[in-house]
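Okay, so here's the structure we're looking at.
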Amino acid sequence: MGRGGWKLGDICYFCQTMNSLDREILRLALPSIVSNITVPLLGLCDVTIMGHVGGAASIGAIAVGSMIFNVMYWLFVFLRMSTSGLTAQAYGAGRWSETRRILHGSLARALLFGSVIVALQVPLRWLTFWLMQASGEVATLLTPYYYICIWGAPAVLGLYVLMGWLVGMQNTRLPMVIAIGQNVVNIGVSLLLVLVFGMGIRGVALGTLIAQWAGFLVGVALVMRGEKRGERGEDSSAAHNEKVFSLSSLQLDIFLRTVCLVSVNLYFTSAGSAQGALILAANTLLMQFFTIYSYMMDGFANAGEALAGRYQGAGDAAMLSQTVRRLFRWGGAVALLFTVAYWAGGPVLLRLLTSDGSVVSMARTFLPWAVLIPAAGMAAFVWDGIFIGTTRSRGMLAACFWAALTFFALWFLLAPSLHNHALWLALLAYLAMRGLVQTWLWNTAPKQR
């Protein structure tokens with residue numbers, strides 16, 4: 001490194017000093033990080049468009065609608081996770097026909113669940129509007145948005161499966177391309193329908209719907225081409241039946257785990273709201289620290305899914321162990337980087353997020369808790385990827401159950417005296433407990449065959 005700082009030669013030398021496993025981790029993680037960053041852009045695009053052509057009620061309707069569908073679809077994330085882990089193991093074992101069966105079975109489930117959501121759209125609308133307390137002008141505007149976007153359910157859930165299958169097949173670049181393409185379609189179509197055809201919130205909803213189906217159909221086309229890779233395997237019907245059973249039990253475990261996650265996240269928002277609008281606003285800003293960090297760590301978790309599943313499927317215990325160590329090194333480095341960045345630049349980030357001085361002042365009161373998020377959550381992110389890849393779904397469920405129990409116990413015990421500080425302490429304990437339980441389970445479980 002010269003006096004002027006890092007040069008291209010220094011970076012190239014650093015890359016050469018990494019071993020092949022490090023480069024494989026980065027090959028898988030970096031496109032996943034880009035894909036993760038694009039996820040909130042679909043909702044952000046809708047809010048931005050309505051923010052310029054609509055009023056406060058329109059923005060509120062888009063925000064509530066996005067939250068309704070985010071929570072609804074989040075409950076079906078087991079479709080992606082189970083597909084990813086089982087596919088990675090079949091890939092590692094060289095069982096190509098099994099990877100295709102996993103894809104077809106998971107895709108059939110996704111389309112079935114999506115169709116059920118569409119069929120139940122009326123009672124689901126009543127339930128979700130009641131839970132989100134949508135009323136008045138917001139409910140009036142939200143209704144057409146909801147009834148248009150609900151038709152995207154099969155595409156969204158189907159795309160979950162396609163993304164999981166591609167990660168299991170050690171391919172994170174195609175999910176990145178699909179995610180970027182979705183955003184381009186969404187922005188272009190929404191702007192056309194709203195600004196040119198004057199369709200308002202219906203145009204935004206149609207833009208989202210068209211983008212979802214475009215992403216799914218492009219994904220299907222790309223995966224159909226990718227399916228032809230490899231040789232035909234000869235899986236017995238007994239093995240197939242065993243996989244069907246394991247897939248169902250795996251998905252149930254991950255679904256229940258997701259219920260624990262959703263319960264904590266929703267209650268965190270609810271408990272903040274109960275303390276007043278200022279506390280709610282401050283917590284919302286500080287949770288962006290967690291969101292930004294999660295974009296990076298989810299990329300390494302996806303790399304863990306692909307590689308851990310691959311080496312377990314290949315029966316290579318040495319490479320599986322080395323993958324775990326390397327992932328934790330990368331996770332530790334990222335956590336340290338974000339901790340320093342949040343400690344040094346936290347106040348600046350808060351001022352970028354809002355110009356409201358009272359909200360910034362309140363958020364700075366609780367900023368030290370947000371600085372600790374990377375350290376508290378690092379192990380949970382890394383283990384999640386490894387546990388998904390090795391299909392240790394029961395361990396993931398156990399970790400989230402005990403972590404959620406810890407969160408609620410600390411909050412109810414400490415809230416009367418510590419108030420919002422208790423809420424943040426409970427959240428950090430929840431993140432740390434997930435990692436601790438998974439570490440214990442990994443170290444005490446029989447070695448994988």
Side-chain angles (χ1 to χ4, degrees), residues 23-46 66 69-70 73-74 76-85 87-88 91 103 106-107 110 152 155-188 207-208 210-226 254 258 261 288 290-310 327 330-331 334 337-338 377 380-382 384-386 388-389:
R23 287 192 287 271
E24 187 71 359
I25 289 172
L26 289 181
R27 181 187 72 81
L28 294 165
L30 294 179
S32 293
I33 292 169
V34 175
S35 299
N36 293 337
I37 292 172
T38 68
V39 169
L41 291 182
L42 283 172
L44 181 61
C45 170
D46 294 346
S66 297
F69 287 110
N70 286 341
Y73 294 146
W74 197 13
F76 291 92
V77 75
F78 63 82
L79 292 166
R80 189 199 70 78
M81 291 182 173
S82 59
T83 303
S84 173
T87 302
Y91 176 95
L103 170 65
S106 296
L107 199 54
V156 172
L157 300 188
L159 198 53
Y160 278 5
V161 168
L162 297 180
M163 296 297 198
W165 190 80
L166 287 168
V167 170
M169 295 296 287
Q170 317 296 296
N171 186 338
T172 56
R173 290 190 178 185
L174 283 183
M176 177 185 70
V177 171
I178 293 170
I180 293 173
Q182 264 194 306
N183 282 283
V184 171
V185 172
N186 184 50
I187 293 171
T208 299
I210 292 170
Q212 290 167 343
W213 277 103
F216 174 65
L217 294 176
V218 169
V220 169
L222 292 173
V223 164
M224 284 178 64
R225 188 174 64 179
I254 298 175
T258 304
L261 292 176
Q288 302 311 305
F290 176 80
T291 301
I292 295 169
Y293 174 65
S294 71
Y295 293 155
M296 182 72 70
M297 288 305 301
D298 274 340
F300 287 96
N302 287 343
E305 293 178 30
L307 293 174
R310 170 182 170 183
L327 284 169
W330 282 106
V334 171
L337 175 65
F338 272 81
F381 278 101
V382 175
D384 278 351
I386 295 166
I388 291 168

| message | Could you report the tightest heavy-atom contact between Tyr73 and Gly152, atom names first, then the distance? | response | OH-C, 3.9 Å
| Residue pair Gln212 / Leu159, side-chain heavy-atom distance below 4.5 Å | no
| query | Would you say Leu162 and Leu103 make side-chain contact, with heavy atoms under 4.5 Å? | reply | yes
| request: Output the distance between atom OG (Ser35) and atom CG (Leu30), rounded to the nearest 0.5 Å. | output: 11.0 Å
| task | Any chance you could measure Ile25, atom CD1, to Leu307, atom CG, to the nearest 0.5 Å? | result | 6.0 Å
| task | Take Val223 and Leu174 through the side-chain contact (heavy atoms from CB on, under 4.5 Å) test and state the conclusion after the steps. | result | CA-CA 9 Å; Val223 164; Leu174 283 183; over 6 Å; no
| Does some side-chain heavy atom of Phe69 sit less than 4.5 Å from a side-chain heavy atom of Val156? | no
| task | For the residue pair Phe216 and Trp213, categorise the inter-ring angle as parallel (less than 30°), tilted (30 to 60°) or perpendicular (more than 60°). | result | perpendicular
| Between Met163 and Ile178, is any pair of side-chain heavy atoms under 4.5 Å apart? | yes
| task | Could you go through the side-chain contact (heavy atoms from CB on, under 4.5 Å) check for Trp165 and Leu107 one step at a time? | result | CA-CA 10 Å; Trp165 190 80; Leu107 199 54; over 6 Å; no
| task | Return the orientation label for the Phe300 and Trp330 ring planes: parallel under 30°, perpendicular over 60°, tilted otherwise. | result | parallel
| message | For the OG1 atom of Thr83 and the CD1 atom of Ile388, what is their distance to the nearest 0.5 Å? | response | 11.0 Å
| query | Roughly how far apart are Ile37 CD1 and Asn183 CG, rounded to 0.5 Å? | reply | 11.5 Å
| request: Heavy atoms only: give me the nearest Asn36-Tyr295 pair and the separation to one decimal. | output: ND2-O, 3.2 Å
| said: Would you say CZ of Arg173 has more than 12 non-hydrogen atoms from neighbouring residues, nucleotides or ligands within 6.0 angstrom? | reply: no
| said: I need the Thr87 OG1 to Tyr91 OH distance, nearest 0.5 Å. | reply: 12.0 Å
| remark: Residues Leu79 and Ser106: closest non-hydrogen pair is CD2-O, 4.4 Å
| query | If we only count heavy atoms from C-beta on, is the Asn302 to Leu28 side-chain gap below 4.5 Å? | reply | no
| message | Taking the side chain as everything from C-beta on, heavy atoms only, tell me whether Met81 gets closer than 4.5 Å to Thr258. | response | no
| field | Side-chain donor/acceptor of Asn70 to backbone N/O of Ser66, under 3.5 Å | value | yes
| remark: residues 295-307 vs salt bridge (charged side-chain N to carboxylate O under 4.0 Å, His left out), sequence neighbours excluded, gives Arg80-Glu305
| Less than 4.5 Å apart, any side-chain heavy atom of Ile33 and any of Met176? | no
| said: Tell me the closest heavy-atom pair linking Val334 and Met297, and the distance in Å. | reply: CG1-SD, 3.7 Å
| For the student: nearest non-hydrogen atoms of Thr172 and Ser32, plus distance | CG2-OG, 3.3 Å
| message | Quick check for you: to the nearest 0.5 Å, what is the distance between Leu222 atom CG and Asn171 atom CG? | response | 9.0 Å
| task | Specify the closest pair of heavy atoms between Ala110 and Val161, including all atoms of both residues, with the distance to one decimal. | result | CB-CG2, 3.7 Å
